[in-house]
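In what follows, a single structure is set out as structure tokens and then discussed.
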Amino acid sequence: DMTDSEKIRVIYNFIIDKYNYGFAEGDNKNLKERNILLGLQGEPVVCEAYAMLFSLMANKLGYKNMIITGTIGENNTETHAWNLVEIDGEWYHIDATWGDSYSKDIRDKYFLTSDFALKHGEAFPERRMWNEEKYPSAPNVYNYNKEKKSKEEYIREKTVELENDVKRLKTKFIEVDKSFDSSIIIKKITEVEELKKQVFLYELGVELVFKLGEIEMELKELIAGNL
């Protein structure tokens with residue numbers, strides 16, 4: 001399963017990859033450059049469109065969020081809109097407009113970040129001001145180590161479950177019925193392969209890789225009937 005940050009990152013990257021920041025021309029240009037559908041069709045849009053689309057997609061995935069408006073620039077005279085999103089009871093800032101870059105470092109900088117990071121940007125144009133009484137505080141940058149630990153605990157629990165499943169399947173094969181439905185084992189092998197991918201993705205160490213490899217081998221032996 002994807003983590004909360006991974007799901008929200010998909011939304012964030014989708015908007016950045018789809019949208020082109022810019023200003024519309026002609027009649028109703030203020031409306032056009034804030035139209036989320038026109039933005040998806042390749043028309044230029046501004047920060048409000050980025051923020052509205054993020055909010056809409058986050059809502060669809062069940063994440064509590066809001067659009068935040070404030071000011072930006074050296075003298076804080078330019079109006080700007082971005083997002084706040086809640087994960088596990090804590091709020092974080094996301095600014096897809098300023099994250100709209102091919103650079104991973106730039107994208108990461110404006111993803112799940114804190115009040116302090118946005119109020120004290122490295123350069124004056126980046127620094128934001130907003131009515132802090134109107135919006136929830138976001139005191140922390142997102143802690144990926146906590147998420148990694150949670151994922152490791154989940155994988156370890158699933159590994160123990162799979163070990164117990166293998167024991168039960170072996171008992172059934174040896175003592176009860178050697179012709180039982182092999183699709184059950186195939187499904188378990190798929191689960192093992194998915195867990196192995198997650199172990200590599202989160203760099204959780206060789207111990208889990210070996211353990212899952214042993215489980216996978218035992219399941220394949222069951223399929224082959226070589227017990």
Side chains of [X] and [Y], heavy atoms from C-beta outward: is any pair under 4.5 Å?
| X | Y | value |
| --- | --- | --- |
| I72 | T77 | no |
| T113 | Y142 | no |
| I11 | L61 | yes |
| H120 | R128 | no |
| H80 | D95 | yes |

Carboxylate-amine/guanidinium contact K18 D100, below 4.0 Å: no
K29 and F23: CA distance, side-chain angles, deciding distance, side chain to side chain contact (heavy atoms under 4.5 Å, CB included) verdict: CA-CA 8 Å; K29 63 180 183 179; F23 302 98; over 6 Å; no
I'd like to know if [Y] and [X] are part of one continuous hydrophobic network [Ile/Leu/Val/Met/Phe/Trp/Tyr, side-chain heavy atoms within less than 4.5 Å].
| X | Y | value |
| --- | --- | --- |
| F111 | F14 | yes |
| V141 | I8 | no |
| I94 | I106 | yes |
| M129 | Y110 | no |
| F116 | W82 | no |

Could you tell me the separation between the [atom1] atom of [X] and the [atom2] atom of [Y], rounded to the nearest 0.5 Å?
| X | Y | atom1 | atom2 | answer |
| --- | --- | --- | --- | --- |
| T69 | N131 | OG1 | CG | 8.5 Å |
| S137 | E90 | OG | CD | 9.0 Å |
| M217 | K220 | CE | NZ | 8.5 Å |
| K134 | M66 | NZ | CE | 10.0 Å |

Audit row: E86, Y92, side chain to side chain contact (heavy atoms under 4.5 Å, CB included) steps and yes/no: CA-CA 6 Å; E86 186 185 45; Y92 303 92; over 6 Å; no
Shortest non-hydrogen contact from [X] to [Y]?
| X | Y | result |
| --- | --- | --- |
| Y63 | V85 | CB-CG2, 4.1 Å |
| A81 | I67 | CB-CG2, 4.3 Å |
| K32 | A24 | CB-CB, 3.8 Å |
| Y50 | I15 | CD2-CG2, 3.7 Å |
| I36 | A49 | CG2-O, 3.5 Å |
| V46 | G22 | CG1-O, 3.4 Å |

Under 3.5 Å: donor-acceptor pair, side chain of E6, backbone of T3: yes
Any donor-acceptor pair under 3.5 Å from S101 side chain to S103 backbone: yes
Are more than 12 heavy atoms, taken from residues, nucleotides or ligands other than [X], located less than 6.0 Å from that residue's [atom1] atom?
| X | atom1 | answer |
| --- | --- | --- |
| E78 | CD | no |
| K64 | NZ | no |
| D27 | CG | no |

Ring center gap for W98 and H93 short of 6.0 angstrom: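 Ring-ring flag for W98/H93: false, centres at least 6.0 Å apart.
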Polar contact flag, side-chain donor to acceptor under 3.5 angstrom, E43-N35: no
Polar contact flag, side-chain donor to acceptor under 3.5 angstrom, S55-N65: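 Judged by distance alone, the side chains do pair up.
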Positive for salt bridge (charged side-chain N to carboxylate O under 4.0 Å, His left out) with R9, one of D4, D108, D17: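 It is D108; the other options fail the test.
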Side chain to side chain contact (heavy atoms under 4.5 Å, CB included) evaluation trace for D115 with W91: CA-CA 10 Å; D115 290 341; W91 289 89; over 6 Å; no
Criterion side chain to side chain contact (heavy atoms under 4.5 Å, CB included) on L112 and Y12, from CA distance to verdict: CA-CA 10 Å; L112 298 180; Y12 181 72; over 6 Å; no
